[in-house]
Amino acid sequence: MKLIIHGGFFSESKTNQEVKQAKQAALREIVKLGHKYLETHNAIETVVYTVCLLEDCELFNAGTGSQIQSDGKIRMSASLMDGKTMEFSGVINIENVKNPICVAEKLLRRPDKVLAGKGAREFARQQGIPHYDPEIPQRRHEYEKKLSDSIRLGTVGCVALDFYGDLAAATSTGGKGFEIPGRVSDSATAAGNYVNEHAGISCTGVGEDIVAGAVAPKIVTRVTDGMSLQMATAKTLNEMKPFDGFAGIIGISARGEVYHADTHPYMVWAAYDNGIEVFS
């Protein structure tokens, strides 16, 4: 049983030791709780549970603490994929829910698996998910000061390999901040969240770059075709160099490879594979 998580790029917040240590501590605790949960649950249940923990942590740009868009509203996206059944579900630009990944989970076994905007929010209400304001004072302060020159690259994700050898991946984001309303993130698409029986990938970074590079499915396809997870990742990220693509990935293969990589420094992550390891 193996688990790896990410919390976006460190540059989404002020680069200081206090923030760094807080993120290290949070990721260490969340990956520990996620792995403990994995001991008695399958991969798909575990990635949802773990991403919920990440969405609930104000240090990361997903769920509570999500970025505010140019019109002053928060819209979030998330997706989920089951490597065993190859089912994919997601929500795009959903408002006023605490855990977008839970809405994606409720869509996974339904015929209409990806919902956007008002339709996603109405579906959440029909499922008994209450109204929730994910805004925190820090995000409002950033919005009011119009910090459009700062880098806000935040997403959270989880990939799990369970006791049965099944893989699952989940990704959630609060967006990049100050974007045009209606902008679609990679996090609710297969480009940023993809898994099959051979490998699972969750991405973070600039969504447009990740979509252009078809990052997650390329890596998974290459592992399926026989490449190691490390080689497949290196080849895929190298193909982003012509447009200076900005991306980070976490992944696990069915062979038990646990791997992370980024094109620019630096993604924050934690893994549970023969013990806990956290970004330094």
Side-chain angles (χ1 to χ4, degrees), residues 1-10 12-13 18-66 76 78-84 89 97-106 108 129-130 132 134 136 154-174 187 193 195 200-204 248-253 256-260 267-280:
M1 297 179 294
K2 299 174 186 288
L3 191 76
I4 188 167
I5 60 177
H6 69 72
F9 279 79
F10 187 39
E12 73 170 289
S13 299
E18 183 180 355
V19 173
K20 179 179 179 180
Q21 290 169 9
K23 289 192 172 187
Q24 288 172 326
L27 290 172
R28 182 178 289 108
E29 179 65 15
I30 290 170
V31 80
K32 181 175 72 173
L33 291 171
H35 191 267
K36 180 69 175 177
Y37 192 84
L38 183 60
E39 292 177 358
T40 54
H41 295 81
N42 64 27
I44 198 73
E45 293 167 335
T46 300
V47 296
V48 171
Y49 169 80
T50 307
V51 166
C52 277
L53 296 178
L54 289 161
E55 289 176 334
D56 291 345
C57 181
E58 294 185 6
L59 289 168
F60 306 113
N61 175 26
T64 301
S66 290
M76 301 164 287
S79 66
L80 177 64
M81 192 165 181
D82 188 333
K84 183 177 181 179
S89 64
V97 297
K98 186 178 182 183
N99 297 109
I101 196 64
C102 289
V103 188
E105 181 186 27
K106 290 183 178 297
L108 189 63
I129 295 173
Y132 179 81
I136 60 173
T155 306
V156 300
C158 178
V159 183
L161 174 67
D162 66 22
F163 177 81
Y164 305 101
D166 295 327
L167 289 154
T171 308
S172 180
T173 187
S187 298
N193 189 83
V195 60
I201 298 291
S202 172
C203 298
T204 184
I249 71 96
I250 56 171
I252 301 178
S253 75
E257 302 162 287
V258 179
Y259 191 63
H260 63 89
M267 180 181 64
V268 302
W269 58 273
Y272 202 118
D273 179 21
N274 300 318
I276 297 173
E277 187 178 2
V278 181
F279 81 96
S280 60

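The basis for the numbers below is simple: all heavy atoms, side chains too, and nothing from hydrogens, waters or symmetry mates.
Expressed to the nearest 0.5 Å, how far CD1 of I4 lies from CD of E257 amounts to 12.0 Å. Rounding to the nearest 0.5 Å gives a distance of 4.5 Å between CD1 of I5 and CG of L27. Here the CD-CZ distance, from Q21 to R28, works out to 10.5 Å after rounding to the nearest 0.5 Å. One distance of note links CG of L38 with CZ of F163; it measures 11.0 Å at 0.5 Å rounding. The CH2 atom of W269 lies 7.5 Å from the OG atom of S280; values are rounded to the nearest 0.5 Å. Interatomic distance, H260 NE2 to M267 CE, rounded to the nearest 0.5 Å: 6.5 Å.
Closest approach of T46 to L3, counting heavy atoms only: CG2-CD1, 3.9 Å. Considering every non-hydrogen atom in both H6 and L54, the closest pair reads O-CD1, 3.9 Å. Considering every non-hydrogen atom in both A62 and S172, the closest pair reads CB-O, 3.6 Å. Nearest heavy-atom pair across G200 and L167 is N-CD1, 4.2 Å. Closest of all the heavy-atom pairs between L59 and A26 is CD1-CB, 3.9 Å. Of all heavy-atom pairs spanning S202 and V159, the tightest one is N-CG2, 3.8 Å.
Screening residues 41-66 for salt bridge (Lys or Arg N to Asp or Glu O under 4.0 Å) gives no qualifying pairs among residues at least two apart or on separate chains. For residues 32-43, the salt bridge (Lys or Arg N to Asp or Glu O under 4.0 Å) pairs, not counting sequence neighbours, are E29-K32, K36-E39.
Y259 and S253 are not linked by any side-chain donor-acceptor pair at a separation below 3.5 angstrom, with hydrogens and angles left out of the test.
You'll find the side chain of F60 reaches within 4.5 Å of the side chain of K23, heavy atoms only.
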Could you give me the CA-CA distance, side-chain angles and deciding distance for N42 and K84, then say whether side chain to side chain contact (heavy atoms under 4.5 Å, CB included) is met? CA-CA 11 Å; N42 64 27; K84 183 177 181 179; over 6 Å; no
Check against side chain to side chain contact (heavy atoms under 4.5 Å, CB included), Y37 and L33: CA-CA 6 Å; Y37 192 84; L33 291 171; over 6 Å; no
Side chain to side chain contact (heavy atoms under 4.5 Å, CB included) for F279 and K20? Distances and angles first, verdict last. CA-CA 9 Å; F279 81 96; K20 179 179 179 180; 4.0 Å; yes
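For the side chain to side chain donor-acceptor pair (under 3.5 Å) test, residues two or more places apart in sequence or in another chain that qualify with S187 are S185. Not counting sequence neighbours, the partners of K2 by the salt bridge (charged side-chain N to carboxylate O under 4.0 Å, His left out) test are D273. For A168, the side chain to side chain contact (heavy atoms under 4.5 Å, CB included) partners are A43, I44, V47, not counting sequence neighbours. Evaluation of the side chain to side chain contact (heavy atoms under 4.5 Å, CB included) rule for E105 yields V48, L80 as partners, not counting sequence neighbours.
Tested against L161, the residues I252, V258, D166 include a single side-chain contact (heavy atoms from CB on, under 4.5 Å) partner, I252.
Put simply, the side chain of N193 gets close to the backbone of T171: a donor and an acceptor are under 3.5 Å apart. Checked by atom type and distance alone, the side chain of N99 never pairs as donor or acceptor with a backbone atom of I101 at under 3.5 Å.
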